[in-house]
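Computed over heavy atoms, backbone and side chain alike; hydrogens, waters and symmetry mates excluded. The chains referred to below are lettered A, B, ... by the order of the sequence lines, with proteins before strands, and numbering in each begins at 1.
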2 protein chains.
Amino acid sequence: MEKRSKIPEPTVARLPIYFRCLIELKENGVAVASSEDMAARAGVKASQFRKDLSYFGEFGIQGLGYPVSHLLDRISSIMQLNKEHEVIIAGAGNLGSALLNYPGFQKWGFKITRVLDNNPQKIGKKLGDITIEDIQDIPKNLNSSIGIIAVPASAAQQVAQTLIQSGVKAILNFSGKKISPSKDIVVRNVDMTHELAILTYYLSVENK
Amino acid sequence: MEKRSKIPEPTVARLPIYFRCLIELKENGVAVASSEDMAARAGVKASQFRKDLSYFGEFGIQGLGYPVSHLLDRISSIMQLNKEHEVIIAGAGNLGSALLNYPGFQKWGFKITRVLDNNPQKIGKKLGDITIEDIQDIPKNLNSSIGIIAVPASAAQQVAQTLIQSGVKAILNFSGKKISPSKDIVVRNVDMTHELAILTYYLSVENK
DNA sequence: ATTGATTTGTGAAAAATTTGTCAATATAGA
DNA sequence: TCTATATTGACAAATTTTTCACAAATCAAT
């Protein structure tokens, strides 16, 4: 595992889409799918699907198509979805709770192991099976490499630092506040307010 | 309002980032900011910031920079963030509740006016100030142009249809299921599971 | 074994997006 | 008023990403 550096990021972002399509096909008992089939399901061009895969190897059979099960295994392995990942959620508010119970996570192998907060009212309370812990008391070397920031914008940077200190290597940030980049830490930002704003922009151009 | 068609979508997606930076600058009492300042805050190159703005007009003063307040007004108006937007949430589960209380929405002028569900256990119950309504009973002509889908994947397509029938023109879809595109309806998908998968991919290439 | 119908993988072309550069222009100070 | 400094807006170049198009490969049928 060393040479697959320069994969375009749009390609990486499409892999989960393909993964989802393949699961569906497998559940439907489809054994083989052509790039046209896959592309139609995924909402992309067939040539794009083939090009995307080509960065990782050759998975198809010319004249036939792609063996669903095999391709699923391969993409699974490329994205590391063949193993379980422990995830820490920082922020036991509405969003944190929603994420804890988000059905998709478990299905894809993401297991929430801890929920943190700094509110004394919440610390010690249970959220499902999990007891909310004081974010201050978090040990240094956890083996969760993924952290989710579901705290208010004002606390985001501080929380990020804490997570990183406890060994988190990848952060999914819902706070809306940009986190100043740290070496070797991968961050993705999801900003739901931005998404709504993008919608209203397009609404206004549609009704030109 | 008619000619601003071909704006690159990455440009549109950056406007909310600029918007957020400008709010911060204004709150800090900064009157003028250069493209360098703005770009550093937004995490982009200065030339990109200027290029992005150039699609919409000229907002800066050469030798000086951009008057924060004026630029804020302009971007506000371009993105329609100078008016309030009514939003319907479909799905009164954990995610729906989280979105209802999401502090960012109100601040940017998005007002949740209705929460819908199909679960008889939930219909009639209150969620904050809002009474959960039966999604079947929704009238045809609401003046909310934005709907949020926060239901399980299996129900997503059906719910989308219902929302569209009641006048929704833009959909923010959290279900993970692709919604088959309808004419004149803008859809954006947020898939949190995909985001985690993208993180695990990058984790594995980082540790190459 | 040969033919015909498919469909992949890929190199090259096209399109889209980002970045660099600089003339034009505004401000502030002498 | 003139000069030095700063910074925009836009054009051009560079880079990235998508799309095209076709040779090579596989299968099924004769």
Side-chain angles (χ1 to χ4, degrees), chain A residues 3-18 21-22 25 30-75 78 198 201-202 205, chain B residues 3-18 21-22 25 30-75 78 198 201-202 205:
Chain A
K3 67 184 183 310
R4 60 170 190 262
S5 262
K6 293 311 282 182
I7 314 289
E9 111 109 62
T11 293
V12 174
R14 280 187 295 266
L15 293 180
I17 303 177
Y18 302 150
C21 295
L22 287 164
L25 284 168
V30 178
V32 176
S34 71
S35 57
E36 287 290 353
D37 295 343
M38 283 295 300
R41 281 175 179 271
V44 302
K45 286 248 164 60
S47 54
Q48 179 157 76
F49 175 76
R50 296 200 300 271
K51 175 64 96 181
D52 282 343
L53 291 191
S54 77
Y55 291 108
F56 301 99
E58 308 188 0
F59 310 114
I61 303 168
Q62 289 186 331
L64 241 201
Y66 298 84
V68 169
S69 201
H70 175 245
L71 184 55
L72 185 55
D73 288 349
R74 298 308 314 277
I75 292 190
I78 289 165
I198 295 168
Y201 170 81
Y202 281 117
V205 264
Chain B
K3 65 183 182 311
R4 61 171 189 259
S5 261
K6 293 313 280 186
I7 315 290
E9 111 108 63
T11 293
V12 174
R14 280 187 295 267
L15 293 180
I17 303 177
Y18 302 151
C21 295
L22 287 163
L25 285 168
V30 178
V32 176
S34 70
S35 57
E36 287 291 352
D37 295 342
M38 284 295 299
R41 281 175 179 271
V44 302
K45 288 250 163 59
S47 53
Q48 180 158 75
F49 175 76
R50 296 201 299 272
K51 170 66 105 177
D52 284 341
L53 291 190
S54 77
Y55 290 109
F56 301 99
E58 306 186 3
F59 309 114
I61 303 168
Q62 288 185 331
L64 241 201
Y66 298 85
V68 168
S69 201
H70 175 245
L71 184 55
L72 185 55
D73 288 350
R74 297 308 314 278
I75 292 189
I78 288 166
I198 295 168
Y201 170 81
Y202 280 116
V205 265

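- Nucleotide dT17(D) holds its P atom 8 Å from the CD atom of E9(A), rounded to whole Å.
- Evaluation of the salt bridge (charged side-chain N to carboxylate O under 4.0 Å, His left out) rule for R50(A) yields no partner, not counting sequence neighbours.
- Heavy atoms of F59(B) sit under 4.0 angstrom from primed sugar atoms or phosphate atoms, though from no base atom.
- A straight line from CZ of F49(A) to P of dC20(D) spans 17 Å, rounded to a whole angstrom.
- Y18(B) has its ring centre no less than 6.0 Å from the ring centre of Y66(B).
- Taking atom CD of E36(A) as the reference point, atom P of dT6(C) lies 13 Å away to the nearest angstrom.
- Scanning for salt bridge (charged side-chain N to carboxylate O under 4.0 Å, His left out) contacts around R74(B) gives an empty result, with sequence neighbours left out.
- Here S35(B) reaches the OP1 or OP2 of dT8(D): one of its side-chain N or O atoms lies under 4.0 Å away.
- Legend: salt bridge (Lys or Arg N to Asp or Glu O under 4.0 Å) pairs involving residues 34-44 of chain B, not counting sequence neighbours, sorted by first then second residue: E24(B)-R41(B).
- In this view, I61(B) and L64(B), P67(B) satisfy the side chain to side chain contact (heavy atoms under 4.5 Å, CB included) rule, not counting sequence neighbours.
- Atom pair L53(A):CG and dT7(C):P shows a separation of 16 Å (rounding to whole Å applied).
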Nucleotides 18-28 of chain C: protein proximity per nucleotide (B base, S sugar-phosphate only, - neither; heavy atom, under 4.0 Å): BBBB--BBSS-

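- Taking R14(B) as the reference, D52(B) meet the salt bridge (charged side-chain N to carboxylate O under 4.0 Å, His left out) condition, with sequence neighbours excluded.
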